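Written out below as structure tokens is the structure these notes cover.
Computed from a predicted structure; not experimentally measured. A note on names: the letters A, B, ... follow the listed sequences, proteins ahead of strands, and every chain is numbered from 1.
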There are 4 protein chains.
Amino acid sequence: MNKEHNPVGRPRNEQARTAILNAVDDLLFEVGYAAMTMKGISERAGVSRQTVYRWWSHKAEILFEASAADAEEELAISLSGDPLDDITAYLEALLRFLAHSLAGAAYRALLGEAQHDSVVAELLSAKDPLGDSARVVIERALGKDTLPVPLEQATALLIGPSFFWILSGRDPAQLVPRELAENFIHGLQARQSR
Amino acid sequence: MNKEHNPVGRPRNEQARTAILNAVDDLLFEVGYAAMTMKGISERAGVSRQTVYRWWSHKAEILFEASAADAEEELAISLSGDPLDDITAYLEALLRFLAHSLAGAAYRALLGEAQHDSVVAELLSAKDPLGDSARVVIERALGKDTLPVPLEQATALLIGPSFFWILSGRDPAQLVPRELAENFIHGLQARQSR
Amino acid sequence: MNKEHNPVGRPRNEQARTAILNAVDDLLFEVGYAAMTMKGISERAGVSRQTVYRWWSHKAEILFEASAADAEEELAISLSGDPLDDITAYLEALLRFLAHSLAGAAYRALLGEAQHDSVVAELLSAKDPLGDSARVVIERALGKDTLPVPLEQATALLIGPSFFWILSGRDPAQLVPRELAENFIHGLQARQSR
Amino acid sequence: MNKEHNPVGRPRNEQARTAILNAVDDLLFEVGYAAMTMKGISERAGVSRQTVYRWWSHKAEILFEASAADAEEELAISLSGDPLDDITAYLEALLRFLAHSLAGAAYRALLGEAQHDSVVAELLSAKDPLGDSARVVIERALGKDTLPVPLEQATALLIGPSFFWILSGRDPAQLVPRELAENFIHGLQARQSR
DNA sequence: GTGTAATCGAGACGGTACGTCCTGTCTTCGG
DNA sequence: CCGAAGACAGGACGTACCGTCTCGATTACAC
């Protein structure tokens, strides 16, 4: 009733699907995004090339599907109630994600690709783990209605500095999440009190 | 006296060099970074493939050399004396560069590539047009000694939000440079007055 | 029963195979062996370069396969019963093959290549159209058991003079097969009667 | 009087010439004819590429010049007075030359190349070490006027079998020069006595 | 001495083939 | 219909040599 009602023929092999997603994860770690090829993925997954192409068009899509859930999870934090603590915790998670996590490496690779491949750009704009997680944290920690700037801009103020720092190749150890959090909150308050 | 006075062998052909740099610029605009190939560059420049490889190893290197001067120029602003005006002007230049300029497209492509190619990453960290320009502006507009945070972090606070906004594919028209500038300055002042 | 009954995967394209063999024949005639390249062959055959390399490693192998059957056919003669006539007919066929036939040109090119390429040398020693045909003719025309010298040496005596004449670039018209045949037979008989 | 009377400009460097000829000899032995390149020759000789091209057009020309004298010397034999001994001695020298000598390897390489390169063919027909040496031996050993066949054909009968044997890749040890010599002489006598 | 002219080294140049790799599609057989 | 296997056209990869060229430096002869 609720499924494709008459899926005639042999059903999709779920083992093949997960083997491919795992292969992509492994290869990202082992050889990097650039050296990752559709051929390599299929061979690593022990799957025919056609099977990969049947379900995904680009390696970006596979990588996106393979890492999206991890990204969401890694960027979700439990709130304490204290705004400064919460923002700090979020920035710590963000830095960990961007600089040290495999899902974050996948995200950076995809975002890099998106700069010169509109298909990947569209993929990313459809599901935006950074923006989504930041929106949630800001709403919960600071309140949606008391924000002196639109929520979307606030996410950019929150994410931007760390994002730039990591993507421009700077050392993540030089960044202090608590200071960034203070700066973010005080900046908004300064605007508010004018 | 001050130059290499005995360059043995046939000298490098300067026309070939500029033809290659121009070809890279043209191709970036016409077909985009991903579809730009060493073969395509050499053919567009009317130059042998070997000649390209003799002087550059990767298309990234050529693009970097072709766009570095433009980037520097586009990000340099003349200062008025008023900090808010200056920061605003800089952010306007930054947004124009990242979102609309050819040199900016080159920069974004290279930065994207740097996420999964350490050779390109090194290339970019050697010459950092965004950081350099931001450092200059902050020093001149706000004074180097009165900054409540290290200069390097301040550049991240200044550049980060716009950088994230554009690279994550958001609409540049939704960003108001003056507001970003106010936020940047007030945030720093709030820190200072604590 | 007698064939590979389970050839997995897409079967080889027989059209591509014959197109390549024809292309090699054509190119040998049109541009000569030296100017014949793997690239040229693939383009002439309307076939991808990979497809050529998939089945043959060197142009020599293709040429060998393309001309072996023709060589065998051109060097096979129908026997009359008279030894002198038969040997004469064989030498006529041999001269025609070496000096005027396309398959002969292929054979000379391969033999030339074999002088400085051991891979080609092995190829030729595995299938030796001159030796094979001469062996047959001598056995049938003169009898195997009455030969005063080993069969193998007899083939060298039969083939050698014409072979040297042509390969050293001398004019085939100056060679009279009947005289060579007489000389060959009388030489053997002289040995025999001692 | 007998030399170029006014060779203006810097004279040719004789050291460079011999260095090139030696390099060709060395490379023929070390890497073989096919892998021998003009670039490799110049580098091995410690000479600029232009200097090689100034005096020779093809590697075949250099190799020819480098080996012609050796070939002539190796194929010249001192006559004893007994025809059978002389012919046998010549065939021994011929086999040694073709199968084991460096100059012989050069000759085979050039003759091989001549099968598909008319420039090399012309080179070889201008100076024919095998034919020349065989003519001399036959004239001296058997007398020019008593030959029952034209001298040129006689050389083919003498050289041909060994020539075919070696160039077709057969084992030189299986060939007995004395038997070949007997066969050659008896064959001619049989013709004569008819 | 002071041209003039040819040689030599070094090495850049436009070209072209090399053999390999990956792309995305296809064609077969078997589940 | 799905999937494994693998052939196919196409095209870029980076390398090697080709034969030519453009330099500066050298080495002879002629004036």
### Task
Using whole Å, report how far CD1 of B:Ile41 lies from C1' of E:dG14.
17 Å

### Minimum heavy-atom distance between C:Lys39 and C:Ser42, given as atom pair plus value
O-OG, 2.8 Å

### Query
Got a sec, which pairs hit side chain to side chain donor-acceptor pair (under 3.5 Å) with one end in residues 23-32 of chain D, sequence neighbours left out?
D:Glu30-D:Arg44

### Nearest-Å distance for atom pair OH/C1', residues B:Tyr53 and E:dG14
16 Å

#### Entry: Interatomic distance, B:His58 NE2 vs F:dC13 P [rounded to whole Å]
12 Å

### Task
Report yes or no: does B:Lys59 contribute a side-chain atom to a donor-acceptor pair with the main-chain N or O of B:Met36 at less than 3.5 Å?
yes

Give every pair of a protein N or O atom and an N or O atom of nucleotides 7-10 of chain F that lie under 3.5 Å apart, one pair per line with the distance.
unit_1, atom_1, unit_2, atom_2, d
F:dA7, O4', C:Arg10, O, 3.4
F:dA7, N3, C:Arg10, NH1, 3.0
F:dC8, OP1, C:Asn13, N, 2.7
F:dC8, OP2, C:Trp55, NE1, 2.8
F:dA9, OP2, C:Ser48, N, 3.0
F:dA9, OP2, C:Thr51, OG1, 2.8
F:dA9, N7, C:Ser48, OG, 3.4

### Message
Just so I know, are the side chains of B:Leu102 and B:Asp70 near enough to count as touching, which here means a heavy-atom distance under 4.5 Å?
### Response
no

### Task
Using atom CD of A:Gln15 as one end and atom P of F:dA4 as the other, report the distance to the nearest whole Å.
10 Å

### Query
So do the side chains of A:Asn13 and A:Val47 get within less than 4.5 Å of each other, counting heavy atoms only?
no

#### Entry: Proximal nucleotide (of E:dG11, E:dA6, E:dG19) relative to the C:Met38 side chain
E:dG19

#### Entry: Pairs meeting criterion ring-ring contact (aromatic ring centres under 6.0 Å, His included) with involvement of residues 30-61 of chain D, two or more places apart
C:His116-D:Tyr33

### Message
Please report the distance, rounded to the nearest Å, between CD in C:Glu43 and P in E:dT16.
### Response
11 Å

### Query
Separation of C:Trp56 atom CH2 from E:dG19 atom C1', in whole Å?
17 Å

### Message
By nearest heavy atom, map B:Thr37 and D:Lys39 onto DNA chain F; which one lands nearer the 5' end?
### Response
B:Thr37

